[in-house]
There are 2 protein chains.
Amino acid sequence: MLRRHDRNHEGVALTANDLTQRRGRAATIADVAKLAGVATSTVSRALSNPARVNHVTRQRIEEAVGQLGYVPSAQARSLTSGRTGVVGVLVPDIANPFYFDLIRGAQRQLRAAGYAQLLLDTEESHEIESSMVELMLKNADGVVLAASRLDDETLTAAAARQPLVTINRDVPDVPTVILDTPEGMRQTVVHLRSLGHTRAVFVAGPSGSWSSARRWEALLAAGEELGVEMTMIGPWAPTAAAGSAAADAVIASSATAAVVFNDLLAIGMLGRLQERGVRVPLDLSVVGCDDIFGASFCNPPLTTVSAPIEEAGRVAVTMLLSQLGSAGGSRSRTVLPTYLTTRESSGPAPT
Amino acid sequence: MLRRHDRNHEGVALTANDLTQRRGRAATIADVAKLAGVATSTVSRALSNPARVNHVTRQRIEEAVGQLGYVPSAQARSLTSGRTGVVGVLVPDIANPFYFDLIRGAQRQLRAAGYAQLLLDTEESHEIESSMVELMLKNADGVVLAASRLDDETLTAAAARQPLVTINRDVPDVPTVILDTPEGMRQTVVHLRSLGHTRAVFVAGPSGSWSSARRWEALLAAGEELGVEMTMIGPWAPTAAAGSAAADAVIASSATAAVVFNDLLAIGMLGRLQERGVRVPLDLSVVGCDDIFGASFCNPPLTTVSAPIEEAGRVAVTMLLSQLGSAGGSRSRTVLPTYLTTRESSGPAPT
DNA sequence: CAAAGAGCGGCAAGCGATTGCATAAATCGT
DNA sequence: ACGATTTATGCAATCGCTTGCCGCTCTTTG
């Protein structure tokens, strides 16, 4: 009894003190323990495993937590638990709308699972990406790599050391979610052919891009099969600004249709084409890829290969989390379908 | 001599062992120390304060680091140092293009200073935002709050406890960067008046939005001064989807011009207006706000109030970092200018 | 040549939490 | 009524790293 009384007494004293915001640092678990008159271990348990602690004690602790505005330090916690509660999401360029939806999808899923998203921009750089992946090894529970620039071995090695999922990058032994743009590309060629086009040009993305290479392959194959002569120009950076240069190059070619690496580039081209007096789709058909924000309301609205980007982000995270939970052994390759969305930037080939 | 030899010997043995990736967990500072034959403290210093360690020793340590692929744990490091190297950036909706540039600006500046960006989506929710701010208190070195939904007291209290900068939210004692949209709004009214408009409607944003309220105030004042009758409709969510409903409401009004809370909403309206056969700008002028990605190439290109959003992100981070460095006492309120960018969605009032 | 530095490196005490083990009290079984 | 459980809590080690303080070895210096 006496002891209990003492505790309360002490508690009251502390309360007054602490409610003035304890000049200095934030409350620690020790402060809570002292206020509640228990050991830190009890506080810890009350918070993470309530069943292990007596009803009354827990209540006292909760009250103390409230009074002090105590928030456990994720840092300290992760030190012992080994888990950080953070997942790194690496994208080549946050400003690219393509990644917006991806980021959002990932964020949604992550939030739902109680994880925080550490968003990192690799600035399209191999080196930055590499060092960031290295960093995440110790400082995140897992990594989602969108459109990685790393080579196969590095990727495989990284995946062996930590939970990792790539998006749009297919390497053996590395879990991945793929947007099946080749199928979309095939549909594109079918579409163009049916409109009478026989000479088309592929406006390529960055030279290191896995996606760009895949798209070109698919285009080439479909073109051969369907009788559309495909040529490639590029590479270009996947930005609207690069679109101007690309537009000029397309005009210089003799193609009647341009299949563009992605919508950003395509939208950039649209502006320049208008400047140069090229009417889309009358003089030239333009098909983009990704169906990003903006593709539906640009002028003219862009025919493009639609991809379930947000879903890709969600799925990637889900795969990652399943890796985290059960040690390995879940599906490790997901292919998401894409399809052509025809809008007004494609039309009959000029005669 | 003998001791030194022993160390080397031990080192060699370890090397062979460790190069096989030490089945199990990643290398710690202790592993490096052992391999290099020094104490952990020396390794720590070699890494964070090279001058404090002998040239030769340092080299040996660096070699060990390389062999083991050692990466310091940010968690453990932040435990002692108190700094996490992370800055939380809270935005209401990552999928809103307005925030893209802001995020990018913040990211750039953060990277340059060696910080990581923890991007959090508050989903336009007061509660989520509040709990996230609380979380950041312990788990980040500072917070950037974009378009906060929190009330003044909460914000003031939070700012008193941790480095914090708001964007587009002006509260006494809270460092902030403001996009001076009222000035842009004034310019908008001048522009519309000069085109002959005398009845305009303001399409309001979310009800809790500080920015929306400021814009309306400015519009009202300028309207009164310049002889433009302003009315307000709304509120609407700041999304393209909400634009349809807003468009219908605008059509129902008798206004000849609509000033829209932001571009997302405005772009959404454009589509619906076209559907309803309302020609922009012939029948109705539309002015947006923010000049986001898409505003320049939608149909018609949007007249809008341009704001240096990316710069706002950069400035916010800079202010935050200066708070972190020198304990307080730097400029705490930055106003960034905005101006009207006229494109094709505004024109003479219908007669 | 002894005293005083300067340069280097080690020891050990934390940082804030988690957790296996131990202990004490309460409950149970027979 | 007493040993066996069960329940509730405390103790202390530990996670990986930083840092103040101490001590040893050489140089300088008067």
Side-chain angles (χ1 to χ4, degrees), chain A residues 1 3-4 7 22 24-61 64-65 68-85 135 137-141, chain B residues 1 3-4 6-7 22 24-62 64-65 68-85 135 137-141:
Chain A
M1 262 311 259
R3 226 168 127 212
R4 173 60 52 89
R7 279 169 178 174
R22 281 185 81 250
R25 40 197 71 279
T28 73
I29 199 174
D31 300 323
V32 176
K34 201 183 290 181
L35 214 195
V38 297
T40 62
S41 43
T42 306
V43 176
S44 173
R45 279 188 285 256
L47 265 35
S48 54
N49 191 356
R52 282 282 274 109
V53 157
N54 182 285
H55 168 71
V56 180
T57 314
R58 192 190 326 152
Q59 201 158 346
R60 197 144 37 92
I61 291 175
V65 166
L68 295 170
Y70 167 71
V71 181
S73 151
Q75 266 62 45
R77 175 174 288 172
S78 68
L79 199 50
T80 32
S81 66
R83 308 177 343 105
T84 63
L135 236 170
L137 172 59
K138 291 289 277 293
N139 300 309
D141 293 348
Chain B
M1 264 310 259
R3 226 168 127 211
R4 174 58 52 89
D6 266 332
R7 281 171 178 171
R22 281 184 81 250
R25 40 197 70 280
T28 74
I29 200 175
D31 299 322
V32 176
K34 203 182 290 182
L35 213 196
V38 298
T40 62
S41 45
T42 306
V43 176
S44 172
R45 279 188 286 254
L47 265 35
S48 54
N49 191 359
R52 188 71 176 64
V53 159
N54 182 283
H55 169 69
V56 180
T57 313
R58 193 192 321 152
Q59 203 160 345
R60 196 144 38 93
I61 291 174
E62 273 158 8
V65 167
L68 296 170
Y70 168 71
V71 181
S73 150
Q75 267 61 46
R77 174 174 287 172
S78 69
L79 238 200
T80 31
S81 65
R83 309 175 342 105
T84 64
L135 237 171
L137 173 58
K138 291 290 277 292
N139 300 309
D141 293 347

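Each chain gets a letter, A, B and so on, in the order the sequences are listed, and its residues count up from 1. Note that this is a predicted model, so its numbers are computed, not measured.
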>> Can you measure B/K34 atom NZ to C/dG10 atom P for me and round it to whole angstrom units?
In response: 15 Å
> To the nearest Å, how far apart are A/N49 CG and D/dT7 P?
Replying inline: 13 Å
> Can you name the closest pair of heavy atoms from B/A39 and B/A33 and give their distance?
Replying inline: C-CB, 3.8 Å
>> What's A/S78 touching, base or sugar-phosphate or nothing? Going by heavy atoms closer than 4.0 Å.
In response: nothing
> Do B/D31 and B/Y70 have side chains that get closer than 4.5 Å, going by heavy atoms?
Replying inline: no
>> Could you measure the distance from the OG1 atom of A/T42 to the CD1 atom of A/I61? Nearest 0.5 Å is fine.
In response: 6.0 Å
>> Angle between the two end axes of the helix from C/dC1-D/dG30 to C/dT30-D/dA1, five base pairs per end, rounded to 10 degrees?
In response: 40°
> For B/V32 and B/V65, which heavy atoms make the closest approach, and how far apart are they?
Replying inline: CG1-CG2, 3.8 Å
> Can you check the A/R58 CZ to D/dT7 P distance for me, whole Å?
Replying inline: 14 Å
> How many angstroms lie between atom CD1 of A/I29 and atom CG of A/L68, to the nearest 0.5 angstrom?
Replying inline: 12.0 Å
For nucleotides 22-26 of chain C, give me every protein contact, N/O to N/O, under 3.5 Å, one pair per line with atom names.
none

> In whole angstroms, how far is the P atom of C/dT19 from the CZ atom of A/R83?
Replying inline: 10 Å
Report, one pair per line, the protein and nucleotides 17-20 of chain D atoms (nitrogen or oxygen only) whose separation is under 3.5 Å.
| from | atom 1 | to | atom 2 | distance (Å) |
| --- | --- | --- | --- | --- |
| D/dC17 | OP1 | B/Y70 | OH | 2.5 |
| D/dC17 | OP1 | B/S73 | N | 3.3 |
| D/dC17 | OP2 | B/I29 | N | 2.2 |
| D/dT18 | OP1 | B/R77 | NE | 2.6 |
| D/dT18 | OP1 | B/R77 | NH2 | 3.2 |
| D/dT18 | OP2 | B/S44 | OG | 2.7 |
| D/dT18 | O4' | B/T80 | OG1 | 3.0 |
| D/dG20 | O6 | B/R45 | NH1 | 3.3 |

> Which residue lies toward the 5' end of DNA chain C, B/H55 or A/Q75, if each is placed at its nearest nucleotide?
Replying inline: B/H55
> Which whole-number value in Å describes the distance from B/N54 CG to C/dA6 P?
Replying inline: 18 Å
Exercise answer: donor-acceptor pairs, residues 43-58 of chain B side-chain atoms, under 3.5 Å, sequence neighbours excluded:
| from | atom 1 | to | atom 2 | distance (Å) |
| --- | --- | --- | --- | --- |
| B/S48 | OG | B/S44 | O | 2.9 |
| B/N54 | OD1 | B/V56 | N | 2.7 |
| B/R58 | NH2 | B/P50 | O | 3.4 |
| B/R58 | NH2 | B/V53 | O | 3.4 |

> When you match B/L79 and B/V53 each to their closest nucleotide on DNA chain C, which lands nearer the 5' end?
Replying inline: B/V53
List the atom pairs, with distances to 0.1 Å, where a side-chain N or O of residues 72-84 of chain A and a protein N or O form a donor-acceptor pair under 3.5 Å, not counting sequence neighbours.
| from | atom 1 | to | atom 2 | distance (Å) |
| --- | --- | --- | --- | --- |
| A/S73 | OG | A/Q75 | N | 3.2 |
| A/S73 | OG | A/A76 | N | 3.0 |
| A/S78 | OG | A/A74 | O | 3.2 |
| A/S78 | OG | A/Q75 | O | 2.8 |
| A/T80 | OG1 | A/R77 | O | 3.1 |
| A/S81 | OG | A/R77 | O | 3.0 |
| A/S81 | OG | A/R83 | N | 3.3 |
| A/S81 | OG | A/R83 | O | 3.3 |
| A/R83 | NH1 | A/Y115 | OH | 3.0 |
| A/T84 | OG1 | A/V86 | N | 3.1 |
| A/T84 | OG1 | A/D141 | N | 3.3 |
| A/T84 | OG1 | A/D141 | OD1 | 3.0 |

